[in-house]
Peer 1: 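Here it is, the structure in full.
Quick note on labels: first sequence line is chain A, next is B, and so on, each numbered from 1.
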2 protein chains.
Amino acid sequence: MQNTSSGLAPLVRQLLNRSKLTEEDQAAILAMPHQVKQIPALNYIAREGDRPTHSCALISGFAVRHKTVGAGGRQIVNIHMAGDMVDLQNSLLACADHSVQALTKVEVALIPRQAIEEIAFERPAVGKALWVDTLAEGSIAREWVANVGRRDAKTRVAHLLCEFAMRLEAAGLGQQCNYELPMTQEQIADTVGLTSVHVNRTLRALDTEGYTKRSKRSVVINDWKRLAEVGDFNPLYLHFA
Amino acid sequence: MQNTSSGLAPLVRQLLNRSKLTEEDQAAILAMPHQVKQIPALNYIAREGDRPTHSCALISGFAVRHKTVGAGGRQIVNIHMAGDMVDLQNSLLACADHSVQALTKVEVALIPRQAIEEIAFERPAVGKALWVDTLAEGSIAREWVANVGRRDAKTRVAHLLCEFAMRLEAAGLGQQCNYELPMTQEQIADTVGLTSVHVNRTLRALDTEGYTKRSKRSVVINDWKRLAEVGDFNPLYLHFA
DNA sequence: CGTGTTTTTGACTTCAGTCAATTAAAGTGG
DNA sequence: CCACTTTAATTGACTGAAGTCAAAAACACG
């Protein structure tokens, strides 16, 4: 398998956003055994209750992790893009406590659990990079707790737009101030803990007040600083080196 | 340092809730260099923006991690009890994105960052246990996103009471259906994303409707199953083995 | 005891949800 | 390429859960 053609190249790219890795370490990651799989939009990559045997890295497309609550609602608890490990969570822990769903058509690399554990402990730098990614993911989840717990609708939505912008750019998938948001307003609602109707009104307000310019799914951020301000957005929690 | 008297005994106990560790591995954890420190209630163990040089395991008492949002509110994003690693997060990542505050008088063990990294890679079982704990913590954060994002007040509060009950019992610090909740109603409010007034009304309602019996800070759960039901509580996400 | 939290309660407000209908966009098959 | 469906976005009128403000009661503690 040639390095640059490995399906795991996006994973390496993302890990480098938070950790240093030698050429050798990078090559070792690229050389991990894996199987590429296509998944159509809205299909499930994993389901709550699964006991997965493989870890899964996103090669292209977008996916979310979500939970279903008793009252029938759903809450999106993570958004994933190319290069993200989608379920280290599901791999080291015995049982999935949430589902992973493709938002768009998606390509994933399935990596045997064993291979992840081996590389993590044979190559400490790689192990540490994966661990750091796990921590960063936890950090993002905590920021989301604060976002849905203590911010009003406008701030919440603006915050999401900012986070997505920065992560996209870090993943090399778009520009921070001009990108495609691959989500319906209903999916945004399930992410920020609002209803789709209110998300609609809020997005509209952000447009009207000149923070953004949207058409279809495309988002143009007119003034990053101003949007970051209404969104109470401080990128520290993303832990990009 | 004798094993049973090591300040790190609670840490080992907690790790065993999610991972298997040989006697040898356990001894190695207990033997990590560390310094015990007392911290009075409400003091800070770490502050947002710190660049910590030590990791910190809780030996006794309770602590929270919280974030401050622009509008002046605060959101508690984690609750910690004896045996929890309070800031692996802060230790492997460069910069703390939240503060850690003692809820009660607290004893912590400060462990040099280096020592954590060494043991993690010299003893894969220990490294994996720490990693699993990191993942479990992320899992709890995700459940909190769902709790705050998609559940109503009564459900949220009941869920918190259930989570606390289970974690206390797992940590060997109390009984699942009869424990002391070391938080004011205002702190509960900052945890579940409500106001203290509404938390008061909600706790009262749970009492009136017979789910719980409270006096001061003590909580008695009359019927676990019923409370878990209104709280939409499924302990899977805690990932106790 | 007195002072300062914490808990409780009541009256009123508001932000976001609900319900329902309309418009716009994106597919689909002939 | 056009009628036909389906999904997504938008808008308006009304509701309701939780927030705000303010004051009283109950504790906790030096």
Peer 1: Which of these nucleotides, dA16(C), dC19(C), dT8(C), is closest to any side-chain atom of D152(A)?
Peer 2: dA16(C)

Peer 1: Expressed in angstrom and rounded to an integer, what is the separation of E186(A) atom CD from dA25(C) atom C1'?
Peer 2: 16 Å

Peer 1: Rounded to whole Å, how long is the line connecting atom CG of D190(B) with atom C1' of dG19(D)?
Peer 2: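 It works out to 14 Å between those atoms.
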
Peer 1: Counting just side-chain N and O atoms, does N200(B) come under 4.0 Å of either OP1 or OP2 of dT7(C)?
Peer 2: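 Checking dT7(C) against N200(B), no side-chain N or O comes under 4.0 Å of OP1 or OP2.
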
Peer 1: Using 4.0 Å as the upper bound for N to carboxylate O, is an ion pair formed by R142(B) and E137(A)?
Peer 2: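 Looking at E137(A) and R142(B), the cut-off is met.
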
Peer 1: Starting the side chain at C-beta, find the nucleotide from dT9(C), dT7(C), dA9(D) nearest to T184(A).
Peer 2: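 Between dT9(C), dT7(C), dA9(D), the one nearest the side chain of T184(A) would be dA9(D).
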
Peer 1: Quick one: label R217(B) by what it contacts on the DNA or RNA (base, sugar-phosphate, nothing), any heavy atom closer than 4.0 Å.
Peer 2: sugar-phosphate

Peer 1: Does E143(B) pair with K67(A) as a salt bridge, N-O distance under 4.0 Å?
Peer 2: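 Salt bridge flag = yes for K67(A) with E143(B).
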
Peer 1: Indicate whether OP1 or OP2 belonging to dT9(C) is found under 4.0 Å from a side-chain N or O atom of R204(B).
Peer 2: yes

Peer 1: Counting only side-chain heavy atoms from C-beta out, which of dC21(D), dA20(C), dA9(D) sits nearest to Q185(A)?
Peer 2: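 Of the options given, the side chain of Q185(A) lies nearest dA9(D).
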
Peer 1: Rounded to whole angstrom units, what separation is found between the CG atom of L203(B) and the C1' atom of dT9(C)?
Peer 2: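 Checked: the CG to C1' distance equals 15 Å.
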
Peer 1: For the side chain of H198(A), counting heavy atoms from C-beta on, which of dG17(C), dT11(D), dA9(D) is nearest?
Peer 2: dG17(C)

Peer 1: Would you kindly give the CG-to-P distance between D207(B) and dT8(C), to the nearest whole Å?
Peer 2: 9 Å

Peer 1: Between P on dT18(C) and CG on L194(A), what's the gap in Å once rounded to a whole number?
Peer 2: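 After rounding, the gap between these two atoms is 11 Å.
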
Peer 1: Return the value, rounded to whole Å, for the distance between atom CZ of R151(A) and atom P of dG19(D).
Peer 2: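 These atoms are roughly 17 Å apart.
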
Peer 1: In terms of side-chain heavy atoms, does S196(A) have a donor or acceptor partner in Q185(A) at a distance below 3.5 Å?
Peer 2: no

Peer 1: Can you check side chain to side chain contact (heavy atoms under 4.5 Å, CB included) on I221(B) and Q176(B), steps first, answer last?
Peer 2: CA-CA 8 Å; I221(B) 297 174; Q176(B) 188 166 304; 5.8 Å; no

Peer 1: Please pick, from dT18(C), dT8(C), dT6(C), the nucleotide with the shortest atom-to-atom distance to any side-chain atom of T195(A).
Peer 2: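 Selected nucleotide (nearest to the side chain): dT18(C).
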
Peer 1: Would you say the side-chain atoms of H239(B) and N17(B) include a donor-acceptor pair closer than 3.5 Å?
Peer 2: no

Peer 1: Within the modelled atom types, does a donor on one side and an acceptor on the other bring the side chain of R201(A) and the base of dT18(C) under 3.5 Å apart?
Peer 2: yes

